[in-house]
Number of protein chains: 2
Amino acid sequence: MRVLLAEDQGMVREALAALLSLEDDLEVVAQVSRGDEVAAAVAEHQVDVAVLDIEMPGMTGIDACAEVRRARPRTKVVIATTFGRPGYLRRAMESGADAFLVKDAPAAELAEAIRRVLRGEKVIDPTLAAAALTEGANPLTGRERDVLAAAADGAVNADIAARLHLSEGTVRNYLSMAIQKTAARNRAEAVRIAREKGWL
Amino acid sequence: MRVLLAEDQGMVREALAALLSLEDDLEVVAQVSRGDEVAAAVAEHQVDVAVLDIEMPGMTGIDACAEVRRARPRTKVVIATTFGRPGYLRRAMESGADAFLVKDAPAAELAEAIRRVLRGEKVIDPTLAAAALTEGANPLTGRERDVLAAAADGAVNADIAARLHLSEGTVRNYLSMAIQKTAARNRAEAVRIAREKGWL
DNA sequence: CTCGGGCCGTGACATCCGTCATGCGGAGGT
DNA sequence: ACCTCCGCATGACGGATGTCACGGCCCGAG
């Protein structure tokens with residue numbers, strides 16, 4: 001079966017390629033390091049399974065998954081990520097992913113998951129599935145996410161207001177909402193919590 | 001040559017093991033997922049080269065490197081990390097590392113670096129070396145680092161004071177110093193900048 | 001021994017931040 | 001038509017934060 005690997009860290013990507021090449025029934029026919037190169041490569045190399053990291057330059061693996069789903073629905077998608085955040089899992093499934101793995105897991109699970117999605121199964125870590133279900137959906141509105149994301153790197157209110165073309169008071173209001181919804185005590189904690197839950 | 005791999009993400013660790021096993025002259029004789037297991041494993045398996053990640057539970061790869069250096073000076077140490085922060089490079093070299101690689105690099109460089117350190121050479125990314133030299137040393141004092149680290153996850157002043165057994169005013173003073181030294185405009189930005197430079 | 005620097009604290013002050021009340025317009029649902 | 005939710009805004013208030021000046025203790029370098 002023809003496999004594509006998308007992962008931005010060269011060493012990790014090539015190591016995973018070496019690992020999968022040990023499997024007789026799998027062949028790594030393409031490797032990309034950016035999310036926005038996935039869809040084209042999948043089409044060009046007639047890929048049967050795409051293994052995607054989430055955090056990548058250009059485009060997230062989740063968005064790339066949605067692109068693949070639209071352009072070539074028969075290609076299976078496996079999301080393999082460092083962070084087992086419930087929100088990531090939820091969004092990955094909404095984008096049509098067939099499997100969701102965390103890189104903490106033993107390597108054998110990757111090949112195993114690939115074979116299972118090829119048989120038409122879905123593969124999800126049960127612990128994560130439970131967490132995603134108990135958490136409920138992302139409670140932040142679009143603008144609240146925007147403001148929180150802009151505050152994430154330490155910008156002051158005036159900066160955020162300028163960047164998003166808002167009034168400073170509005171920025172304060174959205175942040176206040178976000179802080180309450182995350183049950184945090186200030187913006188920094190709100191950012192941390194939202195990140196952990198995959199809301200950002 | 002006998003190689004140890006220390007890396008917390010199972011999938012990545014085993015993939016790197018597969019990669020290195022393709023090299024005729026290298027043999028992966030031990031794998032650990034925690035920093036505090038490195039030294040014992042190095043001694044037990046008579047390891048010639050230890051490949052260490054930095055971010056690991058239990059102990060950082062840099063501290064583990066120092067342990068190995070003390071307990072078994074002839075063992076070479078290769079630090080392989082996700083983040084090419086100048087401060088990491090500096091601290092790794094101070095701990096006696098023989099090579100410093102970023103995981104962005106192509107996989108071939110890993111085996112190459114291992115062979116070179118075995119010949120007694122040091123291997124450092126020249127771009128990073130330049131950055132480390134232009135940056136100068138960490139300007140933060142021990143206590144300033146402590147309070148900044150405690151503020152990193154969104155704790156309020158009272159929390160930090162309690163955690164470090166300080167007065168709240170003292171926390172404010174240290175944070176103010178840290179903010180000035182990082183040329184930041186608030187604690188959150190100071191945390192970000194200190195992280196980027198590897199001062200934390 | 002003196003001097004600088006790290007460490008810890010206090011007090012005062014200006015500013016920033018988080019909260020709340022309130023308002024308006026638009027989109028979507030019943 | 002009505003209600004609800006989102007987006008955007010203003011104004012006011014208290015508390016948190018950042019800055020500054022100042023003092024103390026201890027240690028190592030010169």
Would you mind reading off the distance between [X] atom [atom1] and [N] atom [atom2], rounded to a whole angstrom?
X: A:L164; N: D:dA9; atom1: CG; atom2: P; value: 10 Å
X: A:D146; N: D:dC6; atom1: CG; atom2: P; value: 14 Å
X: B:Q180; N: D:dA21; atom1: CD; atom2: P; value: 11 Å
X: A:R187; N: C:dC17; atom1: CZ; atom2: P; value: 5 Å
X: A:L148; N: C:dC17; atom1: CG; atom2: P; value: 14 Å
X: A:I179; N: C:dT19; atom1: CD1; atom2: C1'; value: 10 Å

Letter per nucleotide, 5' to 3', of nucleotides 4-11 of chain C [B base touched, S only sugar-phosphate touched, - untouched; heavy atoms, 4.0 Å]
--SSBBB-
Presence of salt bridge, [Y] and [X], under 4.0 angstrom:
X: A:R74; Y: A:D48; answer: no
X: B:K181; Y: B:E144; answer: yes
X: A:K103; Y: B:D8; answer: no
X: A:E7; Y: A:R13; answer: no
X: B:E189; Y: B:R192; answer: yes

Please confirm whether the backbone N or O of B:H45 pairs with a side-chain atom of B:R2, one donor and one acceptor, at under 3.5 Å?
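Between the backbone of B:H45 and the side chain of B:R2 there is a qualifying donor-acceptor contact (under 3.5 Å).
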It should be established whether B:R185 places a side-chain nitrogen or oxygen under 4.0 Å from OP1 or OP2 of nucleotide D:dG18.
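Negative; the distance criterion is not met.
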OP1 or OP2 of C:dC17 under 4.0 Å from side-chain N/O of A:N157
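Looking at the OP1 and OP2 atoms of C:dC17, one of them is under 4.0 Å from a side-chain N or O of A:N157.
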Flag side-chain contact, heavy atom, 4.5 Å: A:V123 against A:D98:
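No. Closest side-chain heavy atoms not under 4.5 Å.
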So do A:L101 and A:D125 actually touch side chain to side chain, heavy atoms under 4.5 Å?
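With C-beta onward as the side chain, the pair stays apart.
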Single-linkage hydrophobic cluster A:L89~A:I54, side-chain heavy atoms < 4.5 angstrom
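Yes.
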Could you give the angle between the helix axes at the two ends of the helix from C:dC1-D:dG30 to C:dT30-D:dA1, with five pairs per end, rounded to 10 degrees?
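Roughly 40° between the end axes, to the nearest 10°.
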